[in-house]
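To keep things clear, I will list the structure first and then write my remarks on it.
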Amino acid sequence: MFRFGLGKYRTIIISITLFLVFDVGVLAMTFLISRQIASDAVSLNLAGQQRTLVQQLTKTALLLEQDATQGIIDSSGNSSFSELKELIGTADLFNATLEAFHQGGRMVDGRGRVELTPQDDIQAAAQFKLLEEMWVPINVELQKIKSLKSNAKPDLGPLLLVLVADNLNLLTVSNMLTSRMESLSAAKATNLRIVQIAGITLALINFGFILYYFLRQLRTSDHAVERAQKETEDILRTTQEGLFLLDTDFRMGMQTSHALSKILGMSDLAGRDFLALLKPIVTPKTFDTAKEYIELLLRHDVKEKLVASLNPLDCIEVSSPQPNGAIESRFLNIRFNRVFDAGRVTHLLVTATDITRRVRLERELKESERKVQDQMGMMVHILQADPSLLQEFLRNAIKGLDQINEELRTGTATTGMSAKRIDMLFRISHRLKGDANALKLEAVAQSLHAFENLLDGLRANPVLRNEDFLPVTVRVKGLYAEIHAIQDALTRVAQVRGVVTVEPPKPVQDPAIAALPFVQQWRSFAQEIAQRHEKEAELSYQGLDLAKLAQPLRDAINSIVNQFIRNAMAHGVELPGERKQRGKPAAGRISVYVSDAGDGFLELSFRDDGAGIDPEKIRVAAVRTGRLDATAAKLADMRKLISMIFEPGVSTREVVDEDAGRGVGLDAVKDMVTRMGGRVRIGTTVGEYCHFRVQLPLGAAAENANNMTDVNREAA
Amino acid sequence: MTFKLMIVDDSNIIRGKISRTLTQHRMEIVATAANGEDAIKQFSANQPDVVTMDLTMPRMDGLECIRKLRRMKPDLRILVVSALADKATAIQALKEGAQGFLCKPFSEDDLTDAMDELLGETHG
């Protein structure tokens with residue numbers, strides 16, 4: 001059914017209707033008034049005719065009278081018959097006109113039959129009535145003459161008497177009536193002009209309104225359209241996604257987002273066949289599936305949400321050439337959403353996104369997860385492996401990698417590397433891979449296998465350039481990292497379990513760091529105290545160069561390490577004979593490690609492989625020095641007892657010498673660390689090791705370090 | 001309104017999971033079938049409104065079964081429940097007349113959401 005809603009066109013339609021109403025009104029009024037004017041013109045004409053008739057009657061009567069006087073008329077009156085006939089005709093016409101004026105009707109004037117309407121003007125009616133009254137006596141006489149037989153001689157005397165008497169009056173009244181009719185007609189003509197002017201003016205005003213309103217609407221609409229276009233353009237220019245519409249013939253729309261060309265690596269995309277564009281960048285199978293999928297969305301009754309997971313273009317890899325000639329591989333996500341019009345799918349909105357970064361991150365995450373799993377597996381194997389074999393493998397691995405590194409450094413500088421040298425690298429790698437497999441270090445074995453593949457590729461290449469060795473160098477660095485990671489893992493395992501034997505007996509040291517003055521000083525200090533107590537000591541250091549730290553922090557670490565060395569050599573490290581009995585090397589091993597923990601703290605790790613801290617000795621010492629009574633000491637747990645070594649006056653040594661016995665050194669260390677905002681932790685296993693871990697804030701105040709100046713001299 | 005459902009899947013575990021989940025979701029399980037042939041027989045006897053359909057099954061596969069069921073009841077609602085190993089086959093199933101696809105493995109929420117979507121009762 002047809003429904004007519006004015007909607008936004010309501011005002012314009014009303015305005016146009018008014019315009020037409022005004023025009024039709026003016027036309028109708030013009031027609032009506034002009035008809036009246038035409039009627040008035042007839043009346044005016046007849047009124048003038050009545051005046052003429054009066055004169056004509058008088059003239060005819062006078063002629064008849066003259067004929068009679070001159071004897072022109074015979075006894076039958078035949079000689080004057082025509083004049084008499086004219087007299088009666090004139091009278092009949094006058095009567096008929098009067099009747100027409102009085103009641104309206106048809107009437108014959110000089111131009112033929114005309115229509116007369118009854119005269120409703122009061123003044124004209126009064127004048128007409130006067131005319132009628134003046135006509136009555138004349139008409140009576142005329143009717144007498146008219147009623148005579150044709151051969152009878154008319155007596156014109158009475159007629160002439162009234163005609164002469166009223167002739168002038170009749171003329172005057174007729175003139176007045178004519179004038180009145182003229183003025184009435186003129187008034188109507190004026191009215192007609194007013195109506196026309198008013199009507200046309202209203203129509204023009206209305207037209208002006210229509211024009212104004214229409215133009216304003218047009219302008220508003222234009223603005224809205226321009227703004228919408230601008231917004232669309234802004235969106236298409238700014239969005240990072242490739243957007244376009246796809247019609248049912250798989251043709252791309254004329255508007256596409258600016259990012260689309262960059263994402264697809266193609267230009268001039270508007271209006272192109274999407275399938276033709278897709279075909280060269282995906283596999284034939286993906287292309288066929290994509291075509292089916294798009295057809296499915298366009299032409300079949302399926303639920304869009306329920307088929308999204310079937311989109312074969314949700315992650316496609318495309319390759320495109322770069323300005324530098326290289327081929328760049330990227331990952332794209334192209335998804336489709338239906339666009340409906342009146343319940344029918346008219347287009348698909350296609351959104352293309354470059355998801356390369358996301359895909360790579362996901363892959364890195366997976367790789368990272370794999371590595372974590374590998375490391376977990378490696379930790380298990382480390383725990384199960386023979387420690388000495390493991391250490392030997394690590395030493396050999398570092399040595400082998402050093403060899404490979406040296407070859408790469410010297411061989412590729414100028415002359416490149418010969419096939420013979422590559423073979424040598426291959427052999428080193430292969431040997432290490434065999435060892436790694438034997439120890440079930442699968443991750444390392446796989447890395448070495450990948451390294452061999454790289455070398456294999458180089459061997460097949462007759463002409464080798466320096467840059468061909470770049471991946472080899474990168475892979476060697478990766479292998480170094482893996483070996484160091486195992487060493488770290490070993491250290492952590494040792495810390496957790498307190499198993500000293502799995503720790504590297506001689507940690508690999510950077511010769512440059514070993515030669516640093518502060519390391520030399522610690523080593524010398526350890527040797528000096530060792531000699532004093534008839535012991536042996538080996539100190540190794542890894543980590544930061546203290547010279548690069550702020551003076552207060554450097555001084556603090558130096559003082560703390562010196563105190564720990566003193567403590568280790570005086571208390572922890574056993575005499576060489578005792579150590580041998582326990583299966584340890586004769587020389588006590590001290591490992592020092594300083595690192596930036598990355599959280600604003602510096603971490604100092606100090607570990608010796610001596611006898612550790614015996615809580616029973618501390619229990620005795622605490623009672624001896626009065627720190628605890630016998631009951632409290634009996635109840636104290638191991639944690640409490642070990643923490644007491646940081647309390648003043650507690651020493652397990654009964655004899656005081658220059659290195660121990662006063663119970664001052666560790667108390668001073670703890671005091672200083674606390675005041676600097678740091679903390680000290682201790683781990684120990686009786687008979688195996690003692691490990692201090694000190695954390696100091698990197699911005700520690702200088703003044704606190706100065707409090708340690710005398711610590712060494714007053715060491716417990 | 002309760003819909004009559006037929007579950008077609010060669011896995012007893014999957015049939016059980018769909019059955020348990022959708023029984024609590026305004027569905028009356030009127031039939032289950034482990035292959036296409038059985039599904040055709042069960043369909044004639046039970047006249048379900050909705051079918052969940054696996055694609056890879058013995059004797060008669062899901063594609064053939066969908067084709068036949070659509071001929072028997074053109075307004076039948078079919079949800080393909082299958083692994084995503086072969087997207088082309090799944091798309092073919094949708095072209096044959098299924099209206100939705102749910103990828104295995106799926107959660108209970110995945111299944112009820114998919115069923116609501118299939119029956120035109122989406123939430124949020």
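Lettering of chains follows the sequences in order, A, B, ..., and the numbering in each one begins at 1. Just so it is clear, the values below take in all heavy atoms, side chains as well, and ignore hydrogens, waters and symmetry mates.
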For chain A, which residues from [range] have at least one heavy atom closer than 4.5 Å to it?
| range | answer |
| --- | --- |
| residues 88-111 of chain B | B:Ala88, B:Ala90, B:Ile91, B:Gln92, B:Leu94, B:Lys95, B:Ala98, B:Gln99, B:Gly100, B:Phe101 |
| residues 61-79 of chain B | B:Arg77, B:Leu79 |
| residues 38-54 of chain B | none |

What pair of heavy atoms forms the shortest contact from [X] to [Y], and how long is it?
| X | Y | result |
| --- | --- | --- |
| B:Leu22 | B:Met27 | O-CB, 3.0 Å |
| A:Met266 | A:Ile281 | CE-CG2, 3.9 Å |
| A:Thr239 | A:Ser257 | CG2-CB, 3.6 Å |
| B:Leu55 | B:Ser82 | CB-OG, 3.9 Å |

What's the spacing between A:Leu332 CG and A:Glu317 CD if we round to 0.5 Å?
->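 So the gap between those two atoms works out to 9.5 Å.
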Mind jotting down which residue pairs meet the ring-ring contact (aromatic ring centres under 6.0 Å, His included) criterion with at least one end in residues 301-329 of chain A? Sequence neighbours excluded, please.
->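 The answer is none; no pair qualifies.
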Quick one: sort the A:Phe274 and A:Phe336 rings into parallel, tilted or perpendicular, breaks at 30° and 60°.
->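 Answer is perpendicular, since the angle exceeds 60°.
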What part of A:Asp288 is in contact with chain B, defined as an atom under 4.5 angstrom from a non-hydrogen atom: side chain, backbone, both or neither?
->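 For A:Asp288, no heavy atom lies under 4.5 Å from chain B.
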Would you find a donor on one side and an acceptor on the other, under 3.5 Å apart, between the side chain of B:Thr112 and the backbone of B:Thr21?
->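 Looks like no, no N/O pair under 3.5 Å.
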Between A:Asp314 and B:Lys87, does a salt bridge (Lys or Arg N to Asp or Glu O under 4.0 Å) hold up when you go through it step by step?
-> CA-CA 12 Å; A:Asp314 60 347; B:Lys87 288 184 178 183; 3.6 Å; yes
Does the side chain of A:Asp354 come under 3.5 Å of the side chain of A:Thr356 through a donor N or O and an acceptor N or O?
->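 Indeed, the side chains of A:Asp354 and A:Thr356 share at least one donor-acceptor pair under 3.5 Å.
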